[in-house]
Asker: 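Before I ask anything, let me first share the structure, which is written out below as structure tokens.
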There are 2 protein chains.
Amino acid sequence: MSSPQPAGQHTVRRHNSALVLNAIADPSGHSRAEIAARTGLTKATVSSLVDRMIGANLVVEGAAAVRPGPGRRGTALYLAPDGPHGLGVEIGVDYLATCLIDLTGEVRARWLQPVDNRSLSPARVLSRVAKAVKTALAEAERMGVRVGGMGVAVPGLVESATGILRVAPNLGWREVDVRGELRRRAGLDDIPVLVGNEANFAALAELWQGTGPRDFVHVSGEIGIGAGIVVDGGLFEGVYGFGGEIGHMMVDPRGPECACGSRGCLERVAGQEEILRQAGVLDDRVPEELVADLLDRLAKRDRKALAATRSAAKSLGVALSGVVNLLDLPTVVLGGTYARLAPWLWEPLRAELTQRVVSSEWSPVEVIASTLGAEAAVHGAAGSAVRAILADPDPYVTAVLA
Amino acid sequence: MSSPQPAGQHTVRRHNSALVLNAIADPSGHSRAEIAARTGLTKATVSSLVDRMIGANLVVEGAAAVRPGPGRRGTALYLAPDGPHGLGVEIGVDYLATCLIDLTGEVRARWLQPVDNRSLSPARVLSRVAKAVKTALAEAERMGVRVGGMGVAVPGLVESATGILRVAPNLGWREVDVRGELRRRAGLDDIPVLVGNEANFAALAELWQGTGPRDFVHVSGEIGIGAGIVVDGGLFEGVYGFGGEIGHMMVDPRGPECACGSRGCLERVAGQEEILRQAGVLDDRVPEELVADLLDRLAKRDRKALAATRSAAKSLGVALSGVVNLLDLPTVVLGGTYARLAPWLWEPLRAELTQRVVSSEWSPVEVIASTLGAEAAVHGAAGSAVRAILADPDPYVTAVLA
DNA sequence: CCTATAAGTTTGATGCCTAAACTTATAGCG
DNA sequence: CGCTATAAGTTTAGGCATCAAACTTATAGG
């Protein structure tokens, strides 16, 4: 826990810089005068802060806005498309993804390579990752943009203070210092690196996509089941960063045994693998094909597939109603494979939630499907870097101008 | 959601006032120079802020500190014992409690009246409460202290934005505007009133008591089972204020039917009533006597009592491991009746948590029993008022000095 | 071309903080 | 007893970010 810091004038500027930049982030483009009106600052202050941010290449002036009536036209302000970019990396179980994202959240470059990372040692995987990072950095240099930060999504428990990956069951990793290794192997001396759980980054991607809710729990089921909790527009990580573990919440004490040693864990009962097994489509094809097969059978109203999905939805509803009761969240977002299964999950899931959530009478729980595809986590990872700048631009501005 | 506010010099003073006052809150008593050193502010700034707070009667100077070596002695600063007090009210199911608390958290006056509030209409209960509030305010006037705020603990779901009690099952209340009614009936025009859930206030009392953990979940089981979640020294309330509902988390899908319509809810399976029933001590005596009987039997190693308690502990462990996995909390605090049962709950509870919490290998979950008695909730309610001032003293100071 | 209106800049004042000098108070020592 | 070193607390001058208000620039409409 860092001890609280005293405030001075610089604190004021820092706060107001963030306030102004977030007003500018509106893609419709506002003038300095409009920003002043909507932030409550004076035009003079806004001008002064905007000048600094233009100098640091966070903001650009656009064309004069067309506005009816008399008076001078304001110059619209936008986030600089060639401002600092965020680099996202995802170490998946069977692929490696990277992308470059600009301040507006637009993806400017992406890479995807299928690799079976389970069969490789962490050292080999990390050297591949380092190579991918170098490729992305080279591309950023070619584009003439600065990389302001980097996010790395991993399918495991990451200790937020140290960035150490404590365990990634589906990767077979334990105690890997992902941040340190990447710093060393890819030469990232001056770029902030944030390592985090894949489900959490996916939830953040959902948050930053469009104008969705600011409070929700995002569940995604691929190999495991992960949840990302977003409260008041920020990720809830927990004290050590291990928050959002929902996979081993117990749904049935007499349920099937789980690899973790307990019985009836959500992951074991409502995970992708169990749905496929119960639907009778589990064989040695790649997951993607199996899911496609399942969706096909669901569309054809296959009895076993429907029953399997319905049963999973009910278990998911039990676990999620616990989450919602505890955290009082108005929205559940289905991500990953659950997003694709959403049409069949919806009704039983909603029924469970309505019945079990104590406050549903006053604040009904909304269930929505994510519109982001499989790349949600990389986007979230890349986005975390640019969002860090948007949320607190002044240190970046000061560093650039110095 | 309130839109973000611009910062100015007043924001700086406000922030630093809180910083300084929190340093002064250390009961060992520090001089201005020490406060300056530990906050990072200059002596000049600290002097200026302290002068204002002395003027507003939040801080008093004590005797000169005895310190070895040469040099002038500093004057120790303390929270003013006669500064603003907090008024706490608890509307229990079968009692009404009030208390006055000073800035240091010391209880300066307390009242308790047994009343069966279930059998009375909300209007009648509220008029009793208003009377109790008036008594407390009169006592505060007699003591010559100002009442800076008031907290009201109720056993139900309170919407934080409006202060409306949506439902209190064990009281049989629905949609009661407790804040508005009390304001009207007790004439509290200029005193801030905060209405909240009893379990949440109990958790806050635990937080403010001594130097315990800043992140924990506090479970208390009286009639229902309530949880208060404290994260980073603040209560996690959820979007609408309905957070911390743990009583209807499902522990066994084939368990006994619950009044809520589901089966195997934690409250039904591990609540005080079920423990007493399974132990064979449930009759028409008052709850206090029944619990005493149970404790007696446990001390005498009564088989049925031990089995009942153990079974409840396991169920509690299942539910709490879900909570801890989700929120990554390092500590579970047992409150209310569970605190008294703690010696018999510990072992099975810890076993469940260790087995089920995914991150327990890196951050073992600590289980502790609350040292606060049945009055935790009133203390928390009263404390919330003084803590509001301590957390942000400047508006109060400005108002008093104006 | 003049007027009204609005955007954006300049200027002076205000408030809070800092640094450094200054005053006050105390122990240790000859 | 008085001198010196040391530390607490106060005073003063200066910096900095904001604000209010005056000022400059730009545009529509008559």
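First the proteins, then the strands, lettered A, B, ... as listed; each starts at 1. Note: hydrogens, waters and symmetry copies are ignored here, and every other heavy atom, side chains too, is used.
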Asker: Mark yes or no for whether B:D328, through its side chain, and A:G241, through its backbone, hold a donor-acceptor pair below 3.5 Å.
Answerer: yes
Asker: Please give me every residue in residues 71-78 of chain B whose heavy atoms get under 4.0 Å of an atom in DNA chain D, ordered by residue number.
Answerer: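 Output list: B:G71, B:R72, B:R73, B:G74, B:T75.
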Asker: Between B:H15 (side chain only) and A:Q5 (backbone N and O only), is there a donor and an acceptor less than 3.5 Å apart?
Answerer: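 Yes, B:H15 side chain to A:Q5 backbone: donor-acceptor pair under 3.5 Å.
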Asker: Please tell me which of A:Q9 and A:G40 maps to the more 5' nucleotide of DNA chain D, matching each residue to the nucleotide holding its nearest heavy atom.
Answerer: A:Q9
Asker: Determine whether a donor-acceptor pair (N or O, by modelled atom type, separation under 3.5 Å) exists between the side chain of B:S48 and the backbone of B:A44.
Answerer: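 No; judged by distance alone, with no hydrogens or angles, the pair does not exist.
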Asker: Can you name the salt bridge (charged side-chain N to carboxylate O under 4.0 Å, His left out) partners of A:E237, sequence neighbours left out?
Answerer: none
Asker: Holding to salt bridge (charged side-chain N to carboxylate O under 4.0 Å, His left out), I want the full list of residues that pass it with B:R183, two or more places apart in sequence or in another chain.
Answerer: none
Asker: Consider side chain to side chain contact (heavy atoms under 4.5 Å, CB included). Of B:I35, B:T45, B:I24, which one does B:V50 pass it with?
Answerer: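 Only match with B:V50 under side chain to side chain contact (heavy atoms under 4.5 Å, CB included): B:I24.
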Asker: Nearest-nucleotide wise, let me know which of A:P70 and B:S17 is further upstream toward the 5' end of DNA chain C.
Answerer: A:P70
Asker: Under the side chain to side chain contact (heavy atoms under 4.5 Å, CB included) test, which residues partner B:N16, sequence neighbours left out?
Answerer: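 Partners of B:N16 under the side chain to side chain contact (heavy atoms under 4.5 Å, CB included) test: A:P6, A:A7, B:V12, B:L19, B:L41, B:L49.
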Asker: Per the salt bridge (charged side-chain N to carboxylate O under 4.0 Å, His left out) rule, what does the pair list look like for residues 141-153 of chain A, sequence neighbours excluded?
Answerer: A:E139-A:R142
Asker: Give me the first and last nucleotide of DNA chain C, going 5' to 3', that has any atom under 4.0 Å from a heavy atom of chain A.
Answerer: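 Using the under 4.0 Å cut-off, the span is C:dT5 to C:dC17.
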Asker: Which residues satisfy the salt bridge (charged side-chain N to carboxylate O under 4.0 Å, His left out) test with B:R387, sequence neighbours excluded?
Answerer: none
Asker: Look at the side-chain N and O atoms of A:N16 and state whether any lies under 4.0 Å from the OP1 or OP2 oxygen of D:dT18.
Answerer: yes
Asker: Just to verify, what does A:A36 make a side chain to side chain contact (heavy atoms under 4.5 Å, CB included) with, not counting sequence neighbours?
Answerer: A:K43, A:V46
Asker: Partners of A:S47 by side chain to side chain donor-acceptor pair (under 3.5 Å), sequence neighbours excluded?
Answerer: none
Asker: I need the residues from residues 42-57 of chain B with at least one non-hydrogen atom less than 4.0 Å from DNA chain D; give them sorted by number, or say none.
Answerer: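 Within residues 42-57 of chain B, the residues near DNA chain D are B:K43, B:A44, B:S47.
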Asker: Please name all residues satisfying salt bridge (charged side-chain N to carboxylate O under 4.0 Å, His left out) with B:E61, sequence neighbours left out, ordered by chain then number.
Answerer: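 Applying salt bridge (charged side-chain N to carboxylate O under 4.0 Å, His left out) to B:E61 gives B:R32.
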Asker: Counting only non-hydrogen atoms, which of residues 21-36 of chain B are less than 4.0 Å from DNA chain D?
Answerer: B:S31, B:R32, B:A33
Asker: Rounding to a whole Å, what distance do you find between B:H10:NE2 and D:dC19:C1'?
Answerer: 12 Å
Asker: Does atom CZ (B:R14) have a neighbourhood of more than 12 heavy atoms from anything else shown, all under 6.0 Å?
Answerer: no
